[in-house]
Protein chains: 2
Amino acid sequence: MNQTTERREAVQVSVDVVLLTLVEQQLHAVLLRRAAAPFAGVWALPGGFIHTAEDADTKASAARVLQTKVGIEGAYLEQLATFSGPARDPRGWSVAVAYCALLPAQSLPPQRDDLCVVPVSALPQLPFDHRAILDAALARVRSKSLYSSLPVHLCGETFTLPQLQLVYENVLGEPLNKVSFRRKMDEMDWLEAVPGALQGGAHRPAQLYRVKPAFRQELALSPRGL
Amino acid sequence: MNQTTERREAVQVSVDVVLLTLVEQQLHAVLLRRAAAPFAGVWALPGGFIHTAEDADTKASAARVLQTKVGIEGAYLEQLATFSGPARDPRGWSVAVAYCALLPAQSLPPQRDDLCVVPVSALPQLPFDHRAILDAALARVRSKSLYSSLPVHLCGETFTLPQLQLVYENVLGEPLNKVSFRRKMDEMDWLEAVPGALQGGAHRPAQLYRVKPAFRQELALSPRGL
DNA sequence: ACAATAGTGTCTTTAAGACATTATCTC
DNA sequence: GAGATAATGTCTTAAAGACACTATTGT
């Protein structure tokens with residue numbers, strides 16, 4: 001951007017979204033069957049091109065892709081990284097801005113033919129560099145779950161502390177100390193008890209909580225992890 | 001990428017680099033005076049368009065920008081984030097893949113008219129959204145310095161532990177405990193003493209160290225910070 | 001009363017920080 | 001040996017984890 005005569009080459013820019021959810025205590029990714037070439041009929045990450053007329057930025061493009069192609073709204077969305085190069089798309093040099101999205105399982109769209117929800121431990125072959133994008137998303141979600149409130153976006157509106165701890169454990173793949181976990185949640189101060197609400201079984205019911213309004217969009221961070 | 005007929009719109013893709021270095025115990029950014037419109041004559045981040053014929057990916061584009069426009073090679077480079085939208089560039093909807101680069105001060109290019117090295121605490125007005133990009137780079141460098149070997153890329157080939165600690169302190173903007181710092185460096189095990197080499201003044205000389213080969217490209221991470 | 005899970009109190013272990021001491025150089 | 005900074009030993013403090021105990025429900 002500093003030389004007078006610089007060729008501006010046409011580069012294809014797309015947005016790809018790794019949409020993750022927690023089903024039966026396992027992280028799952030949402031895949032769509034590609035309708036068009038290249039790789040028509042193949043399971044792939046939801047994605048699409050930028051619509052300059054409607055999208056305020058690539059995050060808006062990603063939200064639009066989730067809405068129009070997956071059929072969901074309100075997922076937590078964060079930019080992951082940008083993947084690029086001449087070989088990732090057979091059509092030529094391309095750039096994909098990848099986003100990571102989290103959604104509670106109960107907010108998934110109704111079942112249909114061109115959509116599947118697969119455990120990340122049993123993914124099919126994916127086209128383009130979608131496998132690398134998905135792996136990057138998993139690494140990001142797992143590492144960020146070590147010190148932030150990220151996993152709460154896999155929960156519904158309200159949840160109990162034992163439920164939340166289980167979600168953390170499922171994402172991280174390791175058990176957590178109950179006392180330490182609750183101490184941290186208390187220190188970080190991003191949860192509030194839902195007044196009277198409880199929940200039962202054949203045992204003591206657990207207090208219901210929700211995220212404080214200030215932390216609905218922003219993540220809560222813990223200085224020393226957990 | 002799942003519908004048969006999707007318009008592929010022309011989007012301008014550029015690469016911008018936040019090149020940081022440490023001068024007189026302060027973080028400085030390298031800026032270039034723009035030769036061409038828009039914002040001709042204005043100080044801005046080094047940047048440029050992608051050259052599909054030569055660049056293997058946007059990281060290679062960033063490295064090429066550093067080499068051809070700034071005149072340096074071998075800087076530590078990592079992708080920061082991608083900035084996008086209709087308003088950031090007056091020419092229209094654009095995408096900028098931003099990179100963060102670190103360089104020891106002694107590797108800076110010779111002085112010249114269209115290049116300046118300014119303290120990040122006293123930046124001029126910057127065009128486009130370069131200020132936001134720079135702020136994001138600073139935030140990233142500072143937060144990553146809390147738990148990784150990142151700041152070592154502001155040092156030369158060899159350095160003493162007191163020098164390294166000072167670099168960390170300058171980046172983080174706060175003093176560190178000497179014993180803890182050295183304990184961590186020892187635990188993380190990414191440094192090796194340069195055999196006989198020492199360094200003097202009118203006092204006890206300090207042992208020289210360098211980064212172990214395995215960590216020259218990869219960062220060393222500490223599980224619990226510092 | 002019993003089984004089952006929620007929630008808390010408290011001790012142990014481990015990591016981080018403060019402080020003091022020893023080491024090694026120049027003058 | 002005085003002064004300066006490097007390097008390390010050791011005590012204190014704070015955070016994390018283990019474990020046990022109390023609490024509250026349904027049956």
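Model, not experiment: these values are computed from the prediction. Hydrogens, waters and symmetry mates are skipped; everything else that's a heavy atom, side chains included, is used. Residue numbers begin at 1 in each chain, while the letters A, B, ... track the order of the sequences.
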Rounded distance (Å) that lies between atom C1' of C:dA6 and atom CZ of A:Phe159: 16 Å
Distance, rounded to the nearest Å, where B:Phe181 contributes CZ and C:dA15 contributes P: 19 Å
Cationic N near anionic O, under 4.0 Å, A:Arg182 to A:Asp186: no
Below 4.0 Å: OP1/OP2 of C:dG7 and any side-chain N or O of A:Arg182: yes
First encountered from the 5' end of DNA chain C, between A:His203 and A:Arg183: A:His203
Whole angstrom value for the distance that separates C1' of C:dG7 from CD of A:Gln163: 15 Å
Matching residue for B:Pro46 among B:Val65, B:Val18, B:Val15 - test: side chain to side chain contact (heavy atoms under 4.5 Å, CB included): B:Val65
Candidate nucleotides C:dC25, C:dG7, D:dG17, ranked by approach to the side chain of A:Pro162 - the nearest: C:dG7
Contact nearer the 5' end of DNA chain D, comparing B:Tyr209 with A:Arg204: B:Tyr209
Residue met sooner reading DNA chain D from 5', once B:Pro205 and B:Ala202 are mapped to nucleotides: B:Ala202
Which residues share a ring-ring contact (aromatic ring centres under 6.0 Å, His included) with A:His153, sequence neighbours left out: A:Tyr76
Interatomic distance, B:Asp186 CG vs D:dT8 P [rounded to whole Å]: 9 Å
Among C:dT26, D:dC19, D:dA7, the nucleotide that comes nearest once only the side chain of B:Lys178 is considered: D:dA7
Out of D:dA7, C:dG9, D:dG9, whichever nucleotide has its closest atom nearest the side chain of A:Val179: C:dG9
Between D:dT8 (P) and B:Glu187 (CD): distance, integer Å: 15 Å
Pairwise distance CD(A:Gln207) to OG1(A:Thr158) - rounded to 0.5 angstrom: 10.5 Å
